[in-house]
**Q** 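Got a structure for you, questions after.
Given the structure is predicted, the values throughout are model-derived calculations rather than measurements.
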Amino acid sequence: MKKSAQVEFENDLIKSYVSGKVAVIKIKCNAFKTISNLEQVNTVLPWFDAVEQDESIKGVLAISEKDCVGEKPYESFLSDITGKKISQDSDKTVDKFEKQEIRAIEINTLVNLIRKVMLFKRFLLHQ
């Protein structure tokens, strides 16, 4: 039997809680590594449904710790999955991924996350 999603939860990578009428989701580390982790994906995507089903929640605030999202974390993520040092200062073209499965998970997750956000019926604010 499939476990239903919880609005409030916490693990090593993500924390979600309710403050008043707002659900807060906080990414605690490199967001790109988080979205390429299937366990996390299977927690976050159903979380949107759980939030929508809770009539007391009127909006969502998505936040992240410092240096969790942006160029540096993405460079770190790309370096990890390509096996090459990637930085915006270098002209390296990414032509092969050593960890193709992780790259596929990341792309698929981003597509699914965008769909969830587009269809989301609550106010969503990202810090």
Side-chain angles (χ1 to χ4, degrees):
M1 180 181 250
K2 191 174 182 179
K3 185 178 156 187
S4 63
Q6 300 279 328
V7 173
E8 294 187 306
F9 69 92
E10 183 170 10
N11 59 40
D12 292 342
L13 304 175
I14 301 172
K15 178 179 181 177
S16 172
Y17 57 96
V18 177
S19 178
K21 295 182 179 186
V22 177
V24 180
I25 189 160
K26 180 179 183 180
I27 301 172
K28 300 182 193 179
C29 62
N30 187 316
F32 304 101
K33 291 180 181 178
T34 302
I35 64 170
S36 62
N37 177 311
L38 283 177
E39 184 178 332
Q40 298 305 317
V41 171
N42 291 330
T43 300
V44 172
L45 292 177
W47 177 85
F48 281 93
D49 298 328
V51 167
E52 279 196 328
Q53 291 170 8
D54 188 328
E55 293 295 325
S56 68
I57 297 174
K58 304 302 179 194
V60 171
L61 174 62
I63 59 177
S64 59
E65 290 182 351
K66 186 177 188 228
D67 298 326
C68 194
V69 180
E71 291 177 17
K72 294 291 182 195
Y74 195 58
E75 288 172 2
S76 171
F77 174 73
L78 284 178
S79 295
D80 183 47
I81 65 173
T82 61
K84 299 177 184 179
K85 175 66 178 143
I86 304 291
S87 74
Q88 71 183 73
D89 300 331
S90 68
D91 287 336
K92 291 190 178 175
T93 301
V94 177
D95 54 359
K96 183 178 182 214
F97 292 92
E98 284 187 3
K99 299 177 182 177
Q100 292 178 353
E101 182 179 303
I102 292 174
R103 177 66 169 165
I105 292 168
E106 176 216 9
I107 291 169
N108 193 34
T109 300
L110 286 172
V111 168
N112 288 325
L113 190 57
I114 289 167
R115 283 187 187 138
K116 281 282 185 196
V117 169
M118 285 176 45
L119 299 172
F120 197 57
K121 295 178 180 136
R122 300 281 191 265
F123 183 72
L124 176 67
L125 179 64
H126 181 266
Q127 166 247 2

**Q** Let me check something: do Tyr17 and Val51 share a hydrophobic cluster, defined by ILVMFWY side-chain heavy atoms less than 4.5 Å apart, either directly or through other members?
**A** no
**Q** Once rounded to the nearest 0.5 Å, what's the spacing between atom OG of Ser16 and atom CD1 of Ile27?
**A** 11.0 Å
**Q** Heavy-atom count check: over 12 atoms from other residues, nucleotides or ligands less than 6.0 Å from Glu101 CD?
**A** no
**Q** Apply side chain to side chain contact (heavy atoms under 4.5 Å, CB included) to Glu8 and Val18, showing your working.
**A** CA-CA 7 Å; Glu8 294 187 306; Val18 177; 3.8 Å; yes
**Q** To the nearest 0.5 Å, what is the distance between NZ (Lys26) and CD1 (Ile63)?
**A** 5.5 Å
**Q** Please check this pair: side chain of Arg122 against backbone of Ile57, looking for a donor-acceptor N/O pair closer than 3.5 Å.
**A** yes
**Q** Can any side-chain N or O of Glu106 pair as donor or acceptor with the backbone N or O of Phe32 at less than 3.5 Å?
**A** no
**Q** With hydrophobic residues grouped by side-chain heavy-atom distances under 4.5 Å, do Leu45 and Leu13 end up in a single group?
**A** yes
**Q** Could you grab the distance from atom CZ of Arg103 to atom CG of Asp80, nearest 0.5 Å is fine?
**A** 12.5 Å
**Q** Looking at every non-hydrogen atom in both residues, tell me the closest pair between Val7 and Ala23 and how far apart they are.
**A** CG1-CB, 4.4 Å
**Q** Has the side chain of Ser76 got a donor or acceptor atom that lies under 3.5 Å from a matching backbone atom of Lys72?
**A** no
**Q** Under 4.5 Å between side-chain heavy atoms, counting indirect links through other Ile/Leu/Val/Met/Phe/Trp/Tyr residues: same cluster for Phe97 and Phe77 or not?
**A** yes
**Q** Working to the nearest 0.5 angstrom, can you tell me the gap between Leu61 CG and Ser19 OG?
**A** 9.0 Å
**Q** Of all the heavy-atom pairs spanning Val117 and Leu124, show the shortest one and how long it is.
**A** CG1-CD2, 3.7 Å
**Q** Any donor and acceptor pair, going by atom type alone, linking the side chain of Thr109 with main-chain N or O of Ile35 inside 3.5 Å?
**A** yes
**Q** How far does OG1 of Thr43 sit from CG of Leu38, to the nearest 0.5 angstrom?
**A** 10.5 Å
**Q** Do side-chain atoms of Lys58 reach the backbone of Glu55 as a donor and acceptor pair under 3.5 angstrom?
**A** yes
**Q** Minimum heavy-atom separation for Val69 to Ala31, with atom names?
**A** CG2-CB, 3.7 Å
**Q** Distance from Ile105 atom CD1 to Lys99 atom NZ, nearest 0.5 Å?
**A** 11.5 Å
**Q** So, the side chain of Asn108 versus the backbone of Ala104: is there a donor-acceptor pair under 3.5 Å, distance only?
**A** no
**Q** Between Val60 and Phe123, is the side chain to side chain contact (heavy atoms under 4.5 Å, CB included) condition met? List the steps.
**A** CA-CA 6 Å; Val60 171; Phe123 183 72; over 6 Å; no
**Q** Tell me whether Lys15 contacts the main-chain N or O of Val24 through its side chain, where contact means a donor paired with an acceptor under 3.5 Å.
**A** no
**Q** Look at Lys116 together with Glu52 and state whether they make a salt bridge at an N to O cut-off of under 4.0 Å.
**A** no
**Q** Do you know the tightest heavy-atom contact between Gln40 and Ile14?
**A** OE1-CD1, 3.4 Å
**Q** Find out whether Leu113 and Phe48 are in side-chain contact, i.e. whether some heavy atom of one side chain is under 4.5 Å from a heavy atom of the other.
**A** yes
